[in-house]
Amino acid sequence: MNSRIPGFGRLDPDRRRLVIEERLGLEAGALAAYADVRPADMSLLGLRSECVIGSLILPLSVAPNFRVDDEDTLVPMVTEEPSVVAAASRGGLLLREGVGIQTLVPPRRIAGQVQLSEVPADDREAAIRAIEACCEEFSLAARNAHQAWAGGGGDLTGIKVYEVESDLVVLLTIDPGKSMGANLVTDICERLALRLEELSGGLAGLRIVTNACEGPPVLATGMVEVRRLHKDRARADAIARGVEAASSLAQSDTRRAVTHNKGIFNGIDAVLMACGQDFRAVEAAGHAFAASSGRYGPLAVWRLEGEVLTGRLEIPMAVGTVGGAVEGRDAVRLAFRVLGIESSRDPVRLAAVTAACGLAQNLAALTSLAGDGLLKGHMQLHARNMALDAGATPAEVDALTLILRDEGGGVDRARVSSALASIRSGNRRRDGQEV
Ligand code: MEV
């Protein structure tokens, strides 16, 4: 197969699918399922990315039960992983009592870097001083750029020059207003590059946002009374101790910290996806923050204090409610309405609820791990996907999950196939009962 396809980007999605079918030796129409959207939507999709051949449908869910900063909220989530939304809802429920989840969203900041090479070694100190002295001039340029990008607001909040090997790096920090700010700060870096060359006598190299977190992260805290973790008090105590032990293990063991944080991002990414955010940027910043002590650690920690389990999550959260892929997308506007941030278009609330969801997700994962283990609940939900993969209809999926639940035990492909066969052979009714 030759992957060189000149002019592929200029074709329309229908034509591209034909070309790919041909190249791969597939039968005509093999990729048609990708195009199962309205023609108008296909044109839009074609404009949103490049070389589009169709769309991939992911489930959009809403997690109930959340109370964040004294306000109830429903949380839109997009994820393909079964049990993520159920877990978030369960975590939200456990944490909603008392004060609910509380957050602290510090003033939002984003920074960009301009790399200056070949600055004459003797003039470095003078160059640093000259650049730092131009703060006001750069502020004006930043404000102009902001007007072009996001309609006013925002300003340069810091300028720092530091040495990296033989280069200077200029770090420009801005208040992004209500946008996430990556394009804005990159624009500012590009606009200022020539002037920085002039001031330093060097050559501008990279001019680009840094996705690292500038300033403090978002903080989400929550607590749950131990007795609420299980109806059997002894088991509730054991689960609470298990959650604390899991948190400690994540603090001492990088392997566990990675999985612990992966679970947190199960929730965070799902909210960010639903809200049209750049979840890769939040992930990159989150993992860098998790390693900021010099050793990769957990983003959320849990402590057992008497009758109460207390959790604390810290995470950088570069989100925006204007600009980028956010405005003009109906699905994102709807997600904001579900979140109740339509009128204020408020990235602070979005950051708060997203972090809260990460904390709830982590609590749900750790209580499962400390209780019955993950697979029991997860595999019941996963059974639905396995049933669909095995070709079950929606009615058969329901019957199949009932059978598997009633029979208990682990769920695997063989059991799914045999349960499906027994429904189809008439040995089981569609409500899962034996005939
Ligand atoms: C699964 O997607 C995520 C978990 O493994 C997270 C964790 O172990 O904390 C359940």
Starting at CD1 of Ile101, measure out to CG of Leu94 and round the result to the nearest 0.5 Å. 10.0 Å

Would you say that Val243 contacts Leu304 through its side chain, given a criterion of any heavy-atom pair below 4.5 Å between the two side chains? no

Verdict with reasoning, Arg48 to Asp41, per salt bridge (charged side-chain N to carboxylate O under 4.0 Å, His left out): CA-CA 10 Å; Arg48 296 240 176 248; Asp41 289 337; over 6 Å; no

Using a strict threshold of under 4.0 Å (side-chain N to carboxylate O), is an ion pair present between Glu225 and Arg233? no

Hey, are the side chains of Val338 and Leu334 touching, using non-hydrogen atoms and a 4.5 Å cut-off? no

Flag the pair Arg207 / Thr186 as yes when at least one side-chain heavy-atom distance between them is below 4.5 Å, and no otherwise. no

Side chain to side chain contact (heavy atoms under 4.5 Å, CB included) partner of Ile315, the single match among Thr354, Leu359, Ile268: Ile268

Electrostatic pair Arg415:Asp412 at N-O distance under 4.0 angstrom: no

With the side chain counted from C-beta on, respond yes when Val68 and Val75 share a heavy-atom pair under 4.5 Å apart, and no when they do not. no

Assess whether a salt bridge exists between Asp389 and Arg413, defined as any Lys/Arg side-chain N lying under 4.0 Å from an Asp/Glu carboxylate O. no

Using side-chain contact (heavy atoms from CB on, under 4.5 Å), reason through Arg129 and Val161 one step at a time and then give a plain yes or no. CA-CA 9 Å; Arg129 278 197 305 277; Val161 189; over 6 Å; no

For a 4.5 angstrom cut-off between non-hydrogen side-chain atoms, does Arg424 reach Glu396? yes

Student check: side-chain heavy atoms of Val78 and Pro59 closer than 4.5 Å: no

Can we say Asp330 and Arg337 salt-bridge, meaning some charged N sits less than 4.0 Å from an Asp/Glu carboxylate O? no

Going by an N to O cut-off under 4.0 Å, is there a salt bridge joining Glu81 and Lys262? yes

Full working for side-chain hydrogen bond (donor to acceptor under 3.5 Å, both in side chains) between Ser89 and Asn65: CA-CA 6 Å; Ser89 313; Asn65 305 334; 4.9 Å; no

Given 3.5 Å as the limit, does a donor-acceptor pair link the side chain of Arg303 with the main chain of Thr310, or not? no

Does a side-chain N-to-carboxylate-O contact under 4.0 Å join Asp187 and Arg191? yes

